[in-house]
**Student:** 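First the structure, which I've put down as structure tokens, then a few questions once you've had a look.
Lettering of chains follows the sequences in order, A, B, ..., and the numbering in each one begins at 1. Since this is a predicted model, take the numbers as computed values, not measurements.
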Number of protein chains: 2
Amino acid sequence: MKQDRPKISDVARLAGVSTATVSRVISNPGLVSEDTRATVQEAIRASGYRLNQAARNLRHRRTGGIVALVPNLANPFFSQILSGIASVLGPAGYNLLVADTRSAGADMLLDYAEPSRADGLIVLDGTLPAAALAGRVPVVLACEWVPGLSAPRVKIDNRAAAAMAVNHLADLGHRRIGHVTGPQGNVLSDARQSGTAEALAARGLTLAPDAVYPGDFSLDSGQRAAAQWLAQPVEQRPTAVFLASDEMACGFIGEVQRHGLHVPQDVSVIGFDDIELIAHISPPLTTIRQPRAAIGRLAAERLLAQLNGQVEPDDTILPVELVLRASTAALLL
Amino acid sequence: MKQDRPKISDVARLAGVSTATVSRVISNPGLVSEDTRATVQEAIRASGYRLNQAARNLRHRRTGGIVALVPNLANPFFSQILSGIASVLGPAGYNLLVADTRSAGADMLLDYAEPSRADGLIVLDGTLPAAALAGRVPVVLACEWVPGLSAPRVKIDNRAAAAMAVNHLADLGHRRIGHVTGPQGNVLSDARQSGTAEALAARGLTLAPDAVYPGDFSLDSGQRAAAQWLAQPVEQRPTAVFLASDEMACGFIGEVQRHGLHVPQDVSVIGFDDIELIAHISPPLTTIRQPRAAIGRLAAERLLAQLNGQVEPDDTILPVELVLRASTAALLL
DNA sequence: CTGAAAGCGCTTACAG
DNA sequence: CTGAAAGCGCTTACAG
């Protein structure tokens with residue numbers, strides 16, 4: 001299209017040196033004498049030369065890109081993680097490519113795990129097939145993880161986090177405690193549900209089957225869980241509910257309020273994630289905060305470390321935090 | 001790293017043909033006889049050959065990537081737009097690269113507008129300098145736009161959308177109508193504020209200076225606006241407020257409720273965007289819906305059209321929709 | 001229909 | 001410290 005883009009040979013001609021020297025001035029100036037360097041730099045300036053990354057990458061047999069595989073790009077939960085990833089990838093000279101695994105086919109995934117496509121992968125979707133990812137470009141798993149795939153993981157302790165939520169409710173005197181789960185087959189759902197059951201058991205309580213409401217992290221599923229809860233007899237239904245995501249908690253509270261009941265008077269509600277908005281709803285939501293930006297940053301750092309040859313397959317577990325707001329209260333006797 | 005990745009010459013040797021023929025089988029099979037094609041395809045299969053995109057791109061003088069320049073990746077507003085963009089770019093064989101313009105320096109932006117970095121740009125940040133973007137790779141502006149930069153725009157009619165909001169409030173009998181603005185210097189803020197003033201004027205009402213509250217689209221700024229509103233004398237302050245974003249509306253409502261007042265009884269509130277969550281808060285928020293996924297899809301399509309040589313510098317204006325929920329009500333006399 | 005050869009724009013041992 | 005030359009892995013006019 002543009003024949004005017006100067007290339008390295010144009011600069012070389014202008015400066016009266018070889019292309020090798022120009023290349024050195026660009027990528028390893030220490031190798032070049034001060035005089036030559038100045039001449040070349042002037043020629044670069046004068047010609048308006050800009051490095052062609054694609055050519056350099058081909059030569060280096062790398063792509064300069066890192067792909068983030070996200071289950072659902074439209075879900076705001078991931079935007080802050082991406083933001084964290086971008087904040088370390090950019091300065092390190094890598095492009096961040098994003099792909100939505102829900103809308104991409106299986107063959108697309110294979111393409112993304114191609115060394116010619118990306119130098120590494122940050123996988124945020126635990127439902128991907130391990131086989132498609134194994135033995136290809138370096139991978140880091142963030143938040144979710146792919147069972148059977150050995151790769152560094154950057155995550156929180158979901159069991160312990162769930163226990164934290166449950167203990168908070170139990171500390172407030174609640175004994176009938178319910179749980180709204182994440183989607184079936186999701187590693188996070190499982191971990192949070194077992195964490196819930198274990199924490200209850202540790203306090204002599206049980207997670208009754210009719211106190212477990214199936215959800216899928218979405219607002220709508222939280223609303224449906226509330227409908228189920230509302231349909232139960234008052235003396236049987238949980239007085240406090242731990243939901244595996246803030247979105248669900250938001251949907252739950254909205255539905256409960258729509259039926260004239262009050263949070264936390266009629267039911268205490270605790271969520272998970274600490275997405276920004278839920279601090280501003282009424283009542284502000286008590287929740288477990290996940291350090292999303294930090295997860296993104298660390299995942300990116302782990303991947304860069306791998307690319308630089310450091311081998312560190314250990315998991316990184318980030319701390320969560322109980323954020324107390326107004327949606328939970330002591331059980332009224 | 002891996003010496004085992006077969007290249008086109010390996011396949012050629014295996015099939016007993018030239019590399020040119022292999023290349024043709026891959027990218028233009030019609031040019032090759034059926035027999036040869038079968039032999040080559042078998043050799044590809046047997047060798048496990050996969051095309052090296054970087055090399056093809058260098059040869060084609062393209063990168064295969066489109067960069068989306070987002071003001072703030074952590075803001076959920078953009079995730080659905082990105083999702084729309086990704087849904088058309090993927091099938092068209094392009095990678096979606098994302099960059100956060102807030103965290104990237106000015107020189108980084110120049111890099112992104114490099115033909116060696118990306119084949120095109122989707123700009124979602126109207127505050128970027130036109131000079132940095134002009135005369136470089138093809139650009140499409142989405143949502144926001146850069147004044148003075150001539151490029152196709154995919155957006156809504158922000159003035160008309162603001163008028164829609166204001167008219168709804170006026171139809172409910174409100175006469176003192178307030179407005180919480182977006183950030184200073186943002187093209188959307190300006191358009192929505194003038195739309196508000198014009199619509200009021202058209203009905204014989206005015207936008208009083210003390211009924212304009214400065215915001216920046218964020219939750220916190222909505223909360224601050226509410227504090228300002230609460231500090232005004234009851235008989236002077238607006239009975240209805242139009243906020244330039246849902247996040248601000250959410251912050252506004254939360255603060256008003258925290259002070260014991262009720263929405264919409266004490267003040268009607270209408271937002272902008274229709275982000276998912278605000279349908280589930282109490283009261284559910286009346287708002288103006290922006291078709292975010294469609295904006296993303298269309299922006300991507302316009303860009304692909306440009307890349308294919310179609311010239312169409314016209315703007316695409318997408319329709320908005322008034323979504324009636326419970327946060328607005330008739331003025332009580 | 002097929003092949004030899006040049007070239008996309010860089011980088012880097014290898015000499016000197 | 002610098003240059004000539006090969007090569008990263010493809011594609012595509014040009015011949016035949």
**Student:** Quick one: on DNA chain C, does B:Arg59 or A:Ile8 contact a more 5' nucleotide (nearest heavy atom)?
**Tutor:** B:Arg59
**Student:** Between A:Glu34 and A:Arg37, does any side-chain N to carboxylate O distance fall below 4.0 Å?
**Tutor:** no
**Student:** Tell me what B:Leu31 touches on the nucleic acid: a base, only sugar-phosphate, or nothing, going by heavy atoms under 4.0 Å.
**Tutor:** base
**Student:** Nearest nucleotide by nearest heavy atom, which residue falls closer to the 5' end of DNA chain C, B:Arg37 or B:His60?
**Tutor:** B:Arg37
**Student:** For C:dC10, does either OP1 or OP2 sit under 4.0 Å from a side-chain N or O belonging to A:Ser27?
**Tutor:** no
**Student:** Confirm from the modelled atom types if B:Arg5 and D:dG9 form a donor-acceptor pair under 3.5 Å, side chain to base only.
**Tutor:** no
**Student:** Strictly below 4.0 Å: does A:Arg61 bring a side-chain N or O up to OP1 or OP2 of D:dG9?
**Tutor:** yes
**Student:** Under 4.0 Å between a side-chain nitrogen and a carboxylate oxygen: does that hold for B:Asp10 and B:Arg13?
**Tutor:** yes
**Student:** Atom CZ of A:Arg24 and atom P of C:dG9: how far apart are they, to the nearest Å?
**Tutor:** 21 Å
**Student:** Using the rule given for side-chain hydrogen bond (donor to acceptor under 3.5 Å, both in side chains), can you reason through A:Ser33 versus A:Thr36, listing the C-alpha separation, both sets of side-chain angles and the distance that settles it, and then say yes or no?
**Tutor:** CA-CA 5 Å; A:Ser33 79; A:Thr36 318; 2.7 Å; yes
**Student:** For D:dA4 and A:Ser18 - does any side-chain N or O of the residue sit under 4.0 Å from the phosphate oxygens OP1/OP2?
**Tutor:** no
**Student:** Hey, does A:Ser23 reach any base, or is it just sugar-phosphate, or nothing, if we go heavy atoms under 4.0 Å?
**Tutor:** base
**Student:** So, B:Thr101 versus B:Asp125: side-chain donor-acceptor pair below 3.5 Å or not?
**Tutor:** yes
